[in-house]
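Please read the structure below before turning to the comments.
What you see is a predicted model; the values in this text were computed from it and never measured.
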Amino acid sequence: MLDQIADKWSMMVMAVLEEPTRFNELKRRLDGVTQRVLTQTLRRLERNGMIERIVLPTSPVGVQYALTPMGESLREPFGHLYTWAIEHSAQIRSHQERYDAETAGGS
């Protein structure tokens, strides 16, 4: 279950989804996400009950995405995890580089 809701793009979508937001606005706010990956991420989050897809009665028909109450309940824990990842990213990269250098010589 964790891999369904805690991957990079799912966490980032839930971080920026503070209010109902249209697809293209989400795409603009998530630097580097492709349309395909964002579509897959939104479908997975909707399937798991974290977000809802709201069809707007406009012409042409518009769609917004919003957090469900269950999705909203994850904002705080995800926020802590996101902050931790940002704070430790340089240290993690350093460990990865050291590990890769050590294991490349022994291969």
Side-chain angles (χ1 to χ4, degrees):
M1 177 52 67
L2 193 56
D3 66 330
Q4 291 286 309
I5 59 173
D7 65 276
K8 171 186 175 179
W9 292 115
S10 294
M11 290 182 65
M12 292 181 72
V13 165
M14 294 183 66
V16 301
L17 202 54
E18 296 172 357
E19 60 187 16
T21 307
R22 288 182 163 218
F23 181 92
N24 286 332
E25 177 61 24
L26 284 172
K27 190 170 182 314
R28 278 191 292 276
R29 294 180 69 191
L30 297 170
D31 189 38
V33 71
T34 64
Q35 183 164 334
R36 179 176 174 264
V37 168
L38 181 55
T39 297
Q40 291 172 339
T41 300
L42 292 169
R43 285 181 182 161
R44 186 174 53 254
L45 288 171
E46 183 181 12
R47 180 175 181 254
N48 290 316
M50 301 297 121
I51 65 170
E52 63 179 331
R53 183 177 181 267
I54 305 161
V55 178
L56 303 171
T58 58
S59 181
V61 174
V63 176
Q64 289 183 328
Y65 296 89
L67 290 175
T68 63
M70 187 164 52
E72 187 66 44
S73 73
L74 278 175
R75 284 181 64 78
E76 184 177 350
F78 270 4
H80 292 299
L81 182 56
Y82 181 79
T83 300
W84 182 92
I86 297 299
E87 289 174 354
H88 294 87
S89 62
Q91 186 178 4
I92 292 168
R93 274 193 297 276
S94 173
H95 283 280
Q96 291 170 338
E97 290 168 2
R98 186 173 344 119
Y99 177 89
D100 292 346
E102 291 171 1
T103 58
S107 297

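- Using modelled atom types and a 3.5 Å distance limit, the side chains of Trp84 and His88 yield a donor-acceptor pair.
- Not one N or O on the side chain of Thr83 forms a donor-acceptor pair closer than 3.5 Å with the backbone of His80.
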Quick one, Thr21 with Tyr65, criterion side chain to side chain contact (heavy atoms under 4.5 Å, CB included). Give me CA distance, side-chain angles, the key distance, then yes/no.
CA-CA 5 Å; Thr21 307; Tyr65 296 89; 5.8 Å; no
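- In this structure, the side chain of Thr41 does not engage the main chain of Ser10 through any donor-acceptor pair within 3.5 Å.
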Apply salt bridge (charged side-chain N to carboxylate O under 4.0 Å, His left out) to Glu72 and Arg75, showing your working.
CA-CA 5 Å; Glu72 187 66 44; Arg75 284 181 64 78; 3.5 Å; yes
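- One finds the NZ atom of Lys27 at 9.5 Å from the OG1 atom of Thr39 (value rounded to the nearest 0.5 Å).
- Leu74 CG to Met50 CE: the interatomic distance, rounded to the nearest 0.5 Å, is 5.5 Å.
- Between atom CD of residue Glu25 and atom CD of residue Glu19 there is a gap of 9.0 Å, rounded to the nearest 0.5 Å.
- Arg53 places a side-chain heavy atom less than 4.5 Å from the side chain of Val55.
- Distance check, rounded to the nearest 0.5 Å: CD of Gln64 to CZ of Phe23 gives 14.0 Å.
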What do the steps show when you test Leu67 against Glu52 for side chain to side chain contact (heavy atoms under 4.5 Å, CB included), and what is the final call?
CA-CA 6 Å; Leu67 290 175; Glu52 63 179 331; over 6 Å; no
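- Formation of a donor-acceptor pair under 3.5 Å by the Arg22 side chain with backbone atoms of Gly62 is not found in this model.
- Counting heavy atoms from C-beta on, the side chains of Leu56 and Val63 never come closer than 4.5 Å.
- Atoms CZ and CE, from Phe78 and Met12 in turn, are 13.0 Å apart once rounded to the nearest 0.5 Å.
- Considering only heavy atoms from C-beta on, Arg44 comes within 4.5 Å of Asp7 through its side chain.
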Candidate pair Val13 and Leu38, rule side chain to side chain contact (heavy atoms under 4.5 Å, CB included), full reasoning
CA-CA 8 Å; Val13 165; Leu38 181 55; 3.8 Å; yes
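- Side-chain heavy atoms closer than 4.5 Å link hydrophobic residues (I, L, V, M, F, W, Y) into clusters, and following such links, even through other members, never connects Ile54 to Ile51.
- Interatomic distance, Asn48 CG to Arg43 CZ, rounded to the nearest 0.5 Å: 14.0 Å.
- At a threshold of 4.5 Å between non-hydrogen side-chain atoms, the residues Leu26 and Leu42 count as touching.
- Panel note: side chain Ser94, backbone Ala90; no donor-acceptor pair is recorded below 3.5 Å.
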